[in-house]
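So the structure is just underneath, and the comments pick up after that.
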Amino acid sequence: MVSQARVYGLIGYPVKHSLSPAMHNAAFKALGIDARYELFEVKPQDLNSFIKSLDKGIFGLNITIPHKEKVLDFIRLNEDSGFARYIKAVNTIVRRDDQWLGFNTDVPGFLRHLKENIDPANKKIAILGAGGAGRAVTYAIAVAKAKEIDIFDIDKEKAHGLVSLLKNMFKDVNIKSVDTVAELNVWDKDILINATPIGMKESDPCLVKEEMLHKKLFVYDVIYNPLETKLLALAKKTGTKTSNGLGMLLYQGMLSFEIWTGKKAPEEVMWQSLLSQISTK
Ligand code: NAP
């Protein structure tokens, strides 16, 4: 008998190391949903043809590097799309009435996890990275009424673009881009967030120096693999409280799951699946 399972998945380039298939497949199984989550490696130049050729059996997708902004050309946003409408970055799409509708679950996923650790309201915050994750993180803390946000990205245009976008939306937040890590003035900040991929590879440098860190700082790294980057290890050494991005991954995944299925995501099942994958890597 031919399987009628609904298909969901992740498109990006590269995607093969993703933890999402196990997390979502565990959730489908736990709720008895006849569905599976697959990986689709799609090169930037192939995104258009890939979206157009999607089979009707595919009901929802996550979008990751490098497609989060480009995918906007092929889908629609409406009043239900939430944060995606404001930051123009989409990480979740769902098929509705034969059209693809976009959402951003990185923003609420990150904010929920950060707030479990520290409330960003009225805080001075330094951010490394203004790419996909950097846009979501910066928008989230502006929504949560951060007092001051300084952003550094090696691609200065990207940081400037993000600052201009957010300045128009959040008149009360003091937000600017800076040209060096030193100018982030981490010594004067309450929270430091790494939203670059620097730290994923063993050979990666640590972007901040030990003398920039202080005991009252909270350091959040969106990276979850490895669980402890050089930045987090250094922060712990200096007595700073820290978090990696595994909780963000869980919460954004739960929200995507709920958008696709209309059912409450099984948090514990998804969390255990993430933990078991990390421990076997
Ligand atoms: P991205 O769109 O490529 O953005 C990364 C940004 O960091 C780019 O603008 C990049 O500039 C910049 N950058 C690179 N090296 C830098 C450096 N030395 N100093 C300052 N900026 C630098 O990638 P992304 O989608 O934002 O992903 C970033 C990380 O977040 C990845 O590790 C990803 O796995 C993680 N992430 C985690 C979650 C979660 O749920 N925890 C969700 C999303 C993403 P160039 O483009 O010029 O290199």
Side-chain angles (χ1 to χ4, degrees), residues 8-13 15 18 20 23-24 37 40 42 44 47-48 50-52 54 58-115 120 127 129-146 149 151 153 158-159 161-170 173 175 193 195 197 222 245 247-265:
Y8 297 87
L10 171 67
I11 59 174
Y13 188 79
V15 288
S18 170
S20 292
M23 171 170 70
H24 286 290
Y37 188 102
F40 301 98
V42 180
L47 184 64
N48 185 357
F50 178 83
I51 298 272
K52 281 191 181 145
L54 277 175
I58 298 183
F59 285 77
L61 292 167
N62 280 136
I63 317 291
T64 189
I65 305 178
H67 304 309
K68 282 185 183 178
E69 290 162 48
K70 195 67 193 151
V71 77
L72 284 159
D73 294 346
F74 314 112
I75 59 148
R76 86 193 154 90
L77 300 177
N78 72 10
E79 58 284 354
D80 297 331
S81 296
F83 300 110
R85 290 172 71 206
Y86 300 104
I87 62 165
K88 303 282 185 288
V90 164
N91 78 328
T92 303
I93 62 175
V94 65
R95 197 190 282 278
R96 294 246 171 98
D97 305 327
D98 252 354
Q99 278 190 310
W100 288 102
L101 181 62
F103 299 82
N104 187 304
T105 67
D106 284 333
V107 173
F110 164 75
L111 199 52
R112 176 174 171 192
H113 191 225
L114 182 71
K115 281 184 166 179
I127 298 181
R135 288 171 83 85
V137 158
T138 312
Y139 180 82
I141 58 171
V143 167
K145 300 194 181 329
I149 305 174
I151 307 173
D153 191 295
K158 233 186 248 179
L162 177 58
V163 167
S164 325
L165 178 80
L166 295 180
K167 265 192 165 176
N168 281 328
M169 283 191 247
F170 301 96
V173 185
I175 176 165
I193 301 168
V222 298
M248 174 182 175
L249 183 70
L250 171 72
Y251 293 148
Q252 64 77 33
M254 286 171 61
L255 290 166
S256 298
F257 184 93
E258 287 169 5
I259 287 167
W260 295 327
T261 65
K263 294 189 189 326
K264 190 165 166 35

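Because the structure is predicted, anything quoted here is derived from the model rather than measured.
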- Query: How about Trp100 and Val94: do any of their side-chain heavy atoms sit closer than 4.5 Å?
  - Reply: no

- Query: Of the non-hydrogen atoms in Val222 and Ala133, which two are nearest, and what is the gap between them?
  - Reply: CG2-CB, 4.4 Å

- Item | Leu77 side chain near Leu72 side chain, heavy-atom distance below 4.5 Å | yes

- Item | Residue pair Ile141 / Phe110, side-chain heavy-atom distance below 4.5 Å | yes

- With the side chain counted from C-beta on, respond yes when Tyr139 and Leu166 share a heavy-atom pair under 4.5 Å apart, and no when they do not. yes

- Taking the side chain as C-beta and beyond, is there a heavy-atom pair between Leu47 and Phe74 under 4.5 Å? yes

- Task: Measure from the side-chain N and O atoms of Asn91 to the backbone N and O of Ile63, and report whether any donor-acceptor pair falls under 3.5 Å.
- Result: no

- Item | Beyond-backbone contact of Lys115 with Pro120, side-chain heavy atoms, under 4.5 angstrom | yes

- Query: Considering all heavy atoms of both residues, which atom of Phe103 and which atom of Ala84 are nearest to each other, and what is their separation?
  - Reply: C-CB, 3.6 Å

- Look only at the side chain of Glu69 and the backbone of Ala89, and say whether a donor-acceptor pair between them is shorter than 3.5 Å. no

- Item | side chain to side chain contact (heavy atoms under 4.5 Å, CB included) evaluation trace for Ile175 with Thr138 | CA-CA 10 Å; Ile175 176 165; Thr138 312; 4.0 Å; yes

- Task: Can you label the angle between the Tyr37 ring and the Trp260 ring as parallel, tilted or perpendicular, going by 30° and 60°?
- Result: tilted

- Item | Nearest atoms (heavy-atom pairs only) where Leu10 meets Ser18 | CD2-OG, 3.4 Å

- Indicate yes or no: does Lys68 engage Asp106 in a salt bridge with an N to O separation below 4.0 Å. yes

- Message: Between His67 and Val90 (side chain of the first, backbone of the second, donor and acceptor by atom type, cut-off under 3.5 Å), is there such a pair?
- Response: no

- Task: Measure from NZ or CZ of Arg95 to the centre of the six-membered ring of Phe59 and say whether it is under 6.0 Å with the direction within 45° of the ring axis.
- Result: no

- Residue pair Gln252, His113: steps toward the side chain to side chain contact (heavy atoms under 4.5 Å, CB included) verdict: CA-CA 10 Å; Gln252 64 77 33; His113 191 225; over 6 Å; no

- Any donor and acceptor pair, going by atom type alone, linking the side chain of Ser81 with main-chain N or O of Gly102 inside 3.5 Å? yes

- Message: Has Arg135 got a side-chain atom pairing as donor or acceptor with Ile87's backbone, closer than 3.5 angstrom?
- Response: yes

- Task: Tell me, with the steps shown, if Val15 and Thr64 meet side chain to side chain contact (heavy atoms under 4.5 Å, CB included).
- Result: CA-CA 8 Å; Val15 288; Thr64 189; 4.0 Å; yes

- Pairwise side-chain contact, Ile127 with Ile149, heavy-atom cut-off 4.5 Å (strictly under): yes

- Message: Which heavy atom of Pro108 sits nearest to which heavy atom of Leu255, and what is that distance?
- Response: CG-CD1, 3.6 Å

- Query: Is the number of heavy atoms from other residues, nucleotides or ligands under 6.0 Å of Tyr86 OH greater than 12?
  - Reply: no

- Task: Could you please spell out the steps behind the side chain to side chain contact (heavy atoms under 4.5 Å, CB included) verdict for Lys263 and Glu258?
- Result: CA-CA 5 Å; Lys263 294 189 189 326; Glu258 287 169 5; over 6 Å; no

- Query: Where do Arg85 and Glu79 come nearest, in terms of heavy atoms and distance?
  - Reply: NH1-CA, 3.6 Å

- Item | Exam field: side chain Asn78 to backbone Asp80, donor-acceptor pair closer than 3.5 Å | yes

- Answer yes or no: is there a donor N or O on one side and an acceptor on the other, between the side chain of Asp153 and the main chain of Ala130, under 3.5 Å? yes

- Item | Side chains of Thr92 and Tyr8 in contact at under 4.5 Å (non-hydrogen atoms) | no

